[in-house]
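Just so it is clear, the model here is predicted, and its values are computed rather than measured. Side-chain atoms are counted along with the backbone in the values below, which use heavy atoms only and exclude waters and symmetry mates. Each chain gets a letter, A, B and so on, in the order its sequence line appears, and its residues count up from 1.
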There are 2 protein chains.
Amino acid sequence: MDTLELMPVRVRITSILKKAIYTGEYHSGDELSLSNVAAQLGVSRTPVREAFQALEAEGLITLRMNRGAIVNQIDRKFIADIFDMRILLESEAAARAAANGMETAALLERLHDLRDHLEALNRADYESLNQDIHMAIWTAADNHKLKAYLLEMWNGPSTGLGADEAQAHYIDSTFEHIDILRFIRDGRPEAAREAMARHIARSRENILKRYPAAE
Amino acid sequence: MDTLELMPVRVRITSILKKAIYTGEYHSGDELSLSNVAAQLGVSRTPVREAFQALEAEGLITLRMNRGAIVNQIDRKFIADIFDMRILLESEAAARAAANGMETAALLERLHDLRDHLEALNRADYESLNQDIHMAIWTAADNHKLKAYLLEMWNGPSTGLGADEAQAHYIDSTFEHIDILRFIRDGRPEAAREAMARHIARSRENILKRYPAAE
DNA sequence: ATATCGTATATTGTATACAATATTCAACAG
DNA sequence: CTGTTGAATATTGTATACAATATACGATAT
């Protein structure tokens, strides 16, 4: 009947460690040992080890043979690299979605609802719709690698914006999303590509504020 | 000196299974059980399980909670998707390498050697230089995500070309490589991008011959 | 005969045990 | 005093044990 999807421990551990690295709870160069992390999280080494391998594949830590893991440098360039790739891939996805004739009516309706009640716009509503929009575009782009890479980059550093800045960001993004989806609806790949590029580039600048340039 | 012995078992298993899937030794929909694969390869379930997780991340199999793995559909579209992404990312890498001022002298010298002795061109020489060129470009592009994604896609399906076709492909590629590296050397990003796109696109067509379009 | 329930079986997910490799640091030779 | 050696220690990599979940199949009720 109701098949409640239970998250494997390894996935939970991966998510916890990823967040800990992005928030700076772990610092660049820190050595992570299986035993310590396992004990700290109250699980055995096996799922921690599997989480380490996932984190290494994502570039967050480096695994050295028989010598454990060290946290990589999560600096301004690391973040900028990710957003440069997101600009390239999200733009491509938007262009392909437009070329493929993606269904946009339902998402545009939800966007118009948000736009017409900006005073009631909260984080949860925005994030939910934001994710639905981007993932719908990835799916419509119809390329499994493109989708997988974008999904991997989706959960990165948080903006760390204050309440007012966050609100402004949500409003800007809502209008940008409307633009993007209209270009997609109208089958204009290049316009959709450029609108998406601007959208991600602005997000990039917002986040890079938290990672000052090296002197 | 055997580098395979320095590899962890899990990496070797991953490579073996990946090849088995790409060569069609395993078919779409096949159910892979940890015990069977472990017994067949003479290792325990632990490294096999870790290999399964790597293969899932790469999109080759699907892991279902408590129900084992099934081999995904490795069909024409799957391969085409990978090459579409390679066109996009290798082109971007070439453009960035050109913009960044990559060092090309040594590689161009090796290429000219090959070009001047086409009658002696063999698979090992070509593959070695081919890999060195592409990876040097990824590195010069200076974006860790771009490099990681291209590396993941590097070992895909083999062309399965006959000896004559392979020889022709090596020769074509050698001249294309020379063009690409000259554009990079001369700091012409857009020319490098387009030359690389053509190079990968031709490779794509070569490989897709082995995956006939569905009727 | 069909559908439902419960037990047996098989397989995965996690924990633990064991083996192999790397690091530490003190004893010792030069 | 400096540098090397090697046992003791610590940590990973792999194997195995145990627990939890899913599947198969037969008994039973309708």
Side-chain angles (χ1 to χ4, degrees), chain A residues 1-21 25-73, chain B residues 1-21 25-72 152:
Chain A
M1 325 194 8
D2 86 316
T3 334
L4 190 54
E5 194 71 23
L6 185 55
M7 213 188 253
V9 174
R10 108 182 101 90
V11 176
R12 200 167 49 82
I13 304 293
T14 305
S15 169
I16 290 173
L17 292 177
K18 181 170 175 176
K19 190 163 296 184
I21 292 172
E25 194 170 333
Y26 292 129
H27 302 85
S28 305
D30 280 1
E31 304 199 358
L32 301 182
S33 93
L34 291 176
S35 314
N36 288 348
V37 173
Q40 204 159 351
L41 298 177
V43 297
S44 76
R45 287 173 28 207
T46 305
V48 175
R49 177 178 165 77
E50 294 171 347
F52 275 18
Q53 288 167 16
L55 294 173
E56 185 190 41
E58 206 170 325
L60 293 172
I61 67 178
T62 300
L63 249 42
R64 299 163 305 171
M65 264 296 263
N66 293 305
R67 283 185 299 156
I70 60 174
V71 178
N72 287 341
Q73 190 98 13
Chain B
M1 187 279 286
D2 193 352
T3 53
L4 286 181
E5 283 178 350
L6 304 179
M7 255 199 241
V9 175
R10 107 182 101 88
V11 176
R12 202 167 48 82
I13 304 292
T14 305
S15 168
I16 290 173
L17 292 177
K18 182 171 176 176
K19 190 163 296 184
I21 292 172
E25 194 171 334
Y26 292 129
H27 303 85
S28 306
D30 280 1
E31 303 199 359
L32 301 182
S33 94
L34 291 176
S35 314
N36 288 348
V37 173
Q40 204 159 353
L41 299 177
V43 298
S44 77
R45 287 172 28 207
T46 305
V48 175
R49 178 178 163 77
E50 294 171 347
F52 275 19
Q53 289 167 16
L55 294 173
E56 185 188 42
E58 206 171 325
L60 293 172
I61 67 178
T62 300
L63 247 43
R64 299 164 304 172
M65 262 296 260
N66 292 305
R67 283 185 300 157
I70 60 174
V71 178
N72 288 341
E152 183 200 286

[X] [atom1] to [N] [atom2], straight-line distance once rounded to whole Å:
{"X": "A:I70", "N": "D:dT11", "atom1": "CD1", "atom2": "P", "value": "16 Å"}
{"X": "A:N66", "N": "C:dT23", "atom1": "CG", "atom2": "C1'", "value": "11 Å"}
{"X": "A:E31", "N": "D:dT12", "atom1": "CD", "atom2": "C1'", "value": "13 Å"}
{"X": "B:E50", "N": "D:dT12", "atom1": "CD", "atom2": "C1'", "value": "11 Å"}
{"X": "B:L63", "N": "D:dA22", "atom1": "CG", "atom2": "P", "value": "15 Å"}
{"X": "B:I13", "N": "D:dG13", "atom1": "CD1", "atom2": "P", "value": "15 Å"}
{"X": "A:R64", "N": "D:dA10", "atom1": "CZ", "atom2": "P", "value": "18 Å"}
{"X": "B:M7", "N": "D:dT12", "atom1": "CE", "atom2": "P", "value": "22 Å"}

Mind checking the [atom1]-[atom2] spacing from [X] to [Y]? Nearest 0.5 Å is all I need.
{"X": "A:L17", "Y": "A:L32", "atom1": "CG", "atom2": "CG", "result": "7.0 Å"}
{"X": "A:I16", "Y": "A:I21", "atom1": "CD1", "atom2": "CD1", "result": "12.0 Å"}
{"X": "A:R49", "Y": "A:I13", "atom1": "CZ", "atom2": "CD1", "result": "15.0 Å"}
{"X": "A:T62", "Y": "A:L55", "atom1": "OG1", "atom2": "CG", "result": "11.0 Å"}

Open item on the list: Both A:T46 and A:M65 contact DNA chain C. Which one's nearest nucleotide lies toward the 5' end?
Closed with: A:T46
Open item on the list: I'd like to check the side chain to side chain contact (heavy atoms under 4.5 Å, CB included) partners of B:S35; sequence neighbours left out, ordered by chain and number.
Closed with: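 By the side chain to side chain contact (heavy atoms under 4.5 Å, CB included) rule, B:S35 matches B:S33, B:R45.
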Open item on the list: Looking at every heavy atom in both B:A69 and B:L63, which two are closest together, and how far apart are they?
Closed with: CB-CD1, 3.4 Å
Open item on the list: For residues 56-66 of chain B, which residue pairs pass the salt bridge (Lys or Arg N to Asp or Glu O under 4.0 Å) check, not counting sequence neighbours?
Closed with: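 For residues 56-66 of chain B, and leaving out neighbouring residues, the salt bridge (Lys or Arg N to Asp or Glu O under 4.0 Å) pairs sorted by first residue read B:K18-B:E58.
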Open item on the list: What residues from residues 51-61 of chain A pass a heavy-atom cutoff of under 4.0 Å to DNA chain C?
Closed with: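 Residues of residues 51-61 of chain A under 4.0 Å from DNA chain C: none.
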Task: Neighbours of DNA chain D within residues 33-44 of chain B, by heavy-atom distance under 4.0 Å - done: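 Correct list: B:V43, B:S44.
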Expected rows: protein N/O vs nucleotides 6-9 of chain C N/O, under 3.5 Å:
none

- [ ] Give a yes or no answer on whether the side chain of A:T14 reaches the backbone of A:R10 with a donor-acceptor pair at less than 3.5 Å.
- [x]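 Here the side-chain-to-backbone pair exists.
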Open item on the list: Can a donor-acceptor pair be found, under 3.5 Å and without considering hydrogens, that links the side chain of B:N72 to the backbone of B:G59?
Closed with: yes
- [ ] Could you check if a side-chain atom of A:V71 sits within less than 4.5 angstrom of a side-chain atom of A:H27, using non-hydrogen atoms only?
- [x] no
Open item on the list: Are A:Y26 and A:I61 packed together at the side-chain level, in the sense that at least one heavy-atom pair is separated by less than 4.5 angstrom?
Closed with: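 A:Y26 does not reach A:I61 side chain to side chain.
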Open item on the list: Please determine whether a side-chain nitrogen or oxygen atom of A:R67 lies at a distance below 4.0 Å from atom OP1 or OP2 of C:dT23.
Closed with: yes
Open item on the list: So for the helix from C:dA1-D:dT30 to C:dG30-D:dC1, with five pairs setting each end axis, what is the inter-axis angle to 10°?
Closed with: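 Rounded to the nearest 10 degrees, the bend comes out at 0°.
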Open item on the list: Side chain of B:R45 only, heavy atoms from C-beta on: which candidate in D:dT14, C:dA22, D:dC18 is closest?
Closed with: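 For B:R45, the side-chain atoms sit closest to D:dC18.
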